[in-house]
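In what follows, chains carry the letters A, B, and so on, assigned in the order in which the sequence lines appear, proteins first and then strands, with residues in each chain numbered from 1.
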Amino acid sequence: MPVYRAPRGTRDLLPDERPVWERLETLARDLARRYGYASMETPLFEQSDVFERGIGASTDVVEKELFRVSPSRGEDTERWALRPEATAGIVRAYVQHGLQTWPQPVRVSLLGPMFRYDRPQAGRFRQFWQWDIEAIGDPGPAVDAEIIELGHRFYREAGLPDVDVLVNSIGDPACRPAYHDAVRAHFAPHADRLAGVERERLATNPLRLLDSKDPDIADLIATAPDIADHLCAACADHFAAVRAHLTVLGVPHRRERGLVRGLDYYTRTAFEYYLPGAEGQQSALGGGGRYDGLVELLGGKPTPGIGFALGLDRVVLALADAGVALPAPAHPAVVVVGADPADTATRLRIATELRAAGLVARADLATRKLGRQLEGAARDGAHLAVIVGDELDLGQVQVRDLPAGTQRLVNLPDLARELTRAHAGHRHGTDAAR
RNA sequence: GUGGCCUUAGCUCAAUCGGCAGAGCAUCGGAUUGUGGCUCCGAAGGUUACGGGUUCAAUCCCCGUAGGCCACCCCA
């Protein structure tokens with residue numbers, strides 16, 4: 001057994017699984033570009049305050065999952081934490097760099113690793129990847145629908161057409177306090193039936209009780225007051241408009257009254273994407289919501305915002321479970337092999353010249369006999385082999401078409417052009433077949 | 001953070017009652033000198049996750065640690 005291993009909850013993405021990830025990354029970047037969401041990056045760690053204030057000190061993410069780091073030396077007295085999500089950092093950057101002076105809303109996209117010091121499980125890691133989309137500076141319901149539709153489209157184009165879209169409104173500071181009171185009043189007479197954590201939540205964040213899966217209180221949850229009946233007129237109008245826009249866009253969705261989201265900064269619109277039929281923990285594929293108070297909370301002017309985070313690890317798992325055909329690893333177009341096993345220099349020189357001409361080419365650098373070299377080329381999926389032999393004295397090499405099993409002599413000065421032409425023919429053929 | 005199940009070669013798994021640790025796949029090499037995917041032969045690969053304990057003897061029984069999985073909690 002190896003002495004060293006990847007830290008708990010992290011893993012290596014080896015070359016054979018990278019193609020799926022690259023496809024998802026490419027899709028996310030392409031969608032962001034098509035929708036006008038500009039790429040940005042923030043540090044992988046921030047002052048822990050950014051998360052504690054932004055996400056909320058009483059949330060699970062901050063209370064037990066924040067991945068704190070400290071410099072081993074230096075005069076820094078700051079407390080740092082690896083980012084558990086992207087929104088807080090993006091909003092911090094928005095405030096720091098005065099992005100409120102840019103045309104509003106500011107539409108941004110970020111793709112990268114997030115960290116939560118959680119107990120690992122299938123589909124749950126301490127380092128995981130999210131694609132994050134934010135629109136900061138637009139209060140209107142139309143942008144809510146634009147973003148929800150964007151997430152839905154990502155899943156569809158990724159190969160998961162049946163993802164459930166769940167939406168809800170959790171009100172705003174004008175109407176939520178009264179609803180909190182109503183929920184407390186509903187549960188208070190039955191406090192003895194609540195588990196320890198649940199009783200704490202009754203005081204700190206009664207909304208969280210509503211998405212509890214505790215079967216002992218399922219009946220209480222079912223009969224709890226519905227926030228839809230407690231929204232102020234502004235929130236109710238906003239939510240109705242979001243749903244109307246989604247209908248116009250043709251995004252199938254349903255309201256889930258228990259959907260409240262785990263982060264404190266959310267207001268009004270909350271939404272989640274679920275994998276239908278999946279058991280338990282991996283079924284939450286992504287989610288997001290509106291956070292109209294967050295910019296102000298992190299020191300900016302009152303500014304509305306909305307965004308989502310999609311978990312790419314879970315999409316990869318879902319695609320594998322669904323049996324979606326995964327892209328094959330890239331293979332070289334041309335492999336240069338030689339009759340003289342020891343003459344690696346000539347093979348390497350010719351491959352280098354082909355690369356300089358723009359071809360995807362590698363040389364077989366092992367000192368093994370020609371048969372083995374061809375075997376390796378075929379297994380790599382190469383279409384063409386250049387065979388270097390005695391003909392080199394006449395300025396010629398053999399070009400072998402591996403799938404067809406045919407070959408012919410080519411003059412060295414013509415080699416790159418011939419290979420480019422032959423490979424183009426193959427590419428058309430294989431693409432059509434795929 | 002709580003509870004349960006699990007860990008043998010790179011991967012998937014065997015090993016009778018506690019008695020010399022094996023197979024398939026993958027890797028590398030060979031099958032008369034310059035031609036591949038098939039076939040045949042061979043090699044390499046192990047402190048049985050790690051550390052203790054019981055025993056003449058431990059992959060096997062006991063304890064601890066680490067890691068994985070599952071259910072909670074919660075999220076992505």
Asks: Side chain of A:Arg116, base of B:C75: donor and acceptor closer than 3.5 Å?
Replies: no
Asks: Check ring-ring contact (aromatic ring centres under 6.0 Å, His included) between A:Phe187 and all other residues, then give those that pass, not counting sequence neighbours.
Replies: none
Asks: Rounding to an integer number of angstrom, what distance separates B:A14 and B:U54 when you compare their C1' atoms?
Replies: 27 Å
Asks: Sticking with atom P, work out how far B:A15 lies from B:A49, rounded to a whole angstrom.
Replies: 15 Å
Asks: Could you tell me which residues satisfy salt bridge (Lys or Arg N to Asp or Glu O under 4.0 Å) with A:Asp226, sequence neighbours excluded, listed by chain and number?
Replies: A:Arg255
Asks: In whole angstrom, give me the gap between the P atoms of B:U8 and B:A44.
Replies: 23 Å
Asks: Can you tell me which stems involve RNA chain B, if a stem is defined as three or more consecutive Watson-Crick or G-U wobble pairs, both distances under 3.5 Å?
Replies: B:1-7 with B:66-72, B:10-13 with B:22-25, B:27-31 with B:39-43, B:49-53 with B:61-65
Asks: Please report the distance separating the P of B:G37 from the corresponding atom of B:U27, rounded so that it comes out in whole Å.
Replies: 13 Å
Asks: Is A:Arg124 side chain donor-acceptor paired with the B:C69 base, going by distance under 3.5 Å alone?
Replies: no
Asks: How far, in whole Å, is B:A21 from B:U47 if one measures between their C1' atoms?
Replies: 13 Å
Asks: At less than 3.5 Å, do the side-chain atoms of A:Arg119 and the base atoms of B:G3 form a donor-acceptor pair?
Replies: yes
Asks: Sticking with atom C1', work out how far B:C6 lies from B:C13, rounded to a whole angstrom.
Replies: 14 Å
Asks: Within the structure, does a side-chain N or O atom of A:Arg8 lie under 4.0 Å from either OP1 or OP2 of B:G68?
Replies: yes
Asks: Listed by chain and number, what are the side-chain contact (heavy atoms from CB on, under 4.5 Å) partners of A:Asp340, not counting sequence neighbours?
Replies: A:Ala342, A:Asp343
Asks: So for A:Arg372 and B:G36, does any side-chain atom that can act as donor or acceptor lie under 3.5 Å from a complementary atom in the base?
Replies: no
Asks: Considering residues, nucleotides and ligands other than A:Phe45, do more than 12 of their heavy atoms fall under 6.0 Å from its CZ?
Replies: no
Asks: Of the candidate nucleotides B:C73, B:C28, B:A76, which contains the atom at the shortest distance from the side chain of A:Arg314?
Replies: B:A76
Asks: Applying salt bridge (Lys or Arg N to Asp or Glu O under 4.0 Å), can you list everything that pairs with A:Glu149, at least two apart in sequence or on another chain?
Replies: A:Arg153
Asks: What's the CG-C1' distance between A:Asp12 and B:G67, to the nearest Å?
Replies: 14 Å
Asks: How are the rings of A:Phe67 and A:Tyr117 set relative to one another: parallel (under 30°), tilted (30 to 60°) or perpendicular (over 60°)?
Replies: perpendicular
Asks: Among all residues two or more places apart in sequence or in another chain, which pass the salt bridge (Lys or Arg N to Asp or Glu O under 4.0 Å) test with A:Glu46?
Replies: A:Arg92
Asks: Please determine, by modelled atom types, if A:Glu256 and A:Asn168 share a side-chain donor-acceptor pair under 3.5 angstrom.
Replies: no
Asks: Can you sort out the partners of A:Arg290 under salt bridge (Lys or Arg N to Asp or Glu O under 4.0 Å), two or more places apart, ordered by chain and number?
Replies: A:Asp144, A:Asp292
Asks: Between B:C63 and B:G4, how far is it from one P atom to the other, in whole Å?
Replies: 12 Å
Asks: Using the P atom as the point on both nucleotides, what is the distance between B:G42 and B:G24, in whole Å?
Replies: 11 Å
Asks: Using a cut-off of under 3.5 Å, enumerate the N/O to N/O pairs linking the protein to nucleotides 32-34 of chain B.
Replies:
from: B:G34; atom 1: O6; to: A:Asp390; atom 2: N; distance (Å): 2.6
from: B:G34; atom 1: O6; to: A:Asp390; atom 2: OD2; distance (Å): 3.3
from: B:G34; atom 1: O6; to: A:Glu391; atom 2: OE1; distance (Å): 3.4
from: B:G34; atom 1: N1; to: A:Glu391; atom 2: OE1; distance (Å): 3.0
from: B:G34; atom 1: N1; to: A:Glu391; atom 2: OE2; distance (Å): 2.6
from: B:G34; atom 1: N2; to: A:Glu391; atom 2: OE2; distance (Å): 3.0

Asks: What is the distance from CD of A:Glu65 to P of B:A76, rounded to the nearest Å?
Replies: 9 Å
Asks: Tell me, please, which residues at least two apart from A:Glu375 pass side-chain contact (heavy atoms from CB on, under 4.5 Å).
Replies: A:Arg372, A:Arg379
Asks: Taking RNA chain B as the partner, which of residues 373-382 of chain A come within under 4.0 angstrom of it by heavy atom?
Replies: A:Leu374, A:Glu375, A:Ala378, A:Arg379
Asks: To the nearest Å, how far apart are A:Arg368 CZ and B:A31 P?
Replies: 15 Å
Asks: Applying side-chain contact (heavy atoms from CB on, under 4.5 Å), name anything that partners A:Asp12, two or more places apart in sequence or on another chain.
Replies: A:Ala6, A:Leu14
Asks: Of all residues at least two apart in sequence or in a different chain, which pass the side-chain contact (heavy atoms from CB on, under 4.5 Å) check with A:Gln407?
Replies: A:Ile387, A:Gln398, A:Arg400
Asks: Using the closest heavy atom to pick a nucleotide of RNA chain B for each, name whichever of A:Leu310 or A:Arg400 lands nearer the 5' end.
Replies: A:Arg400
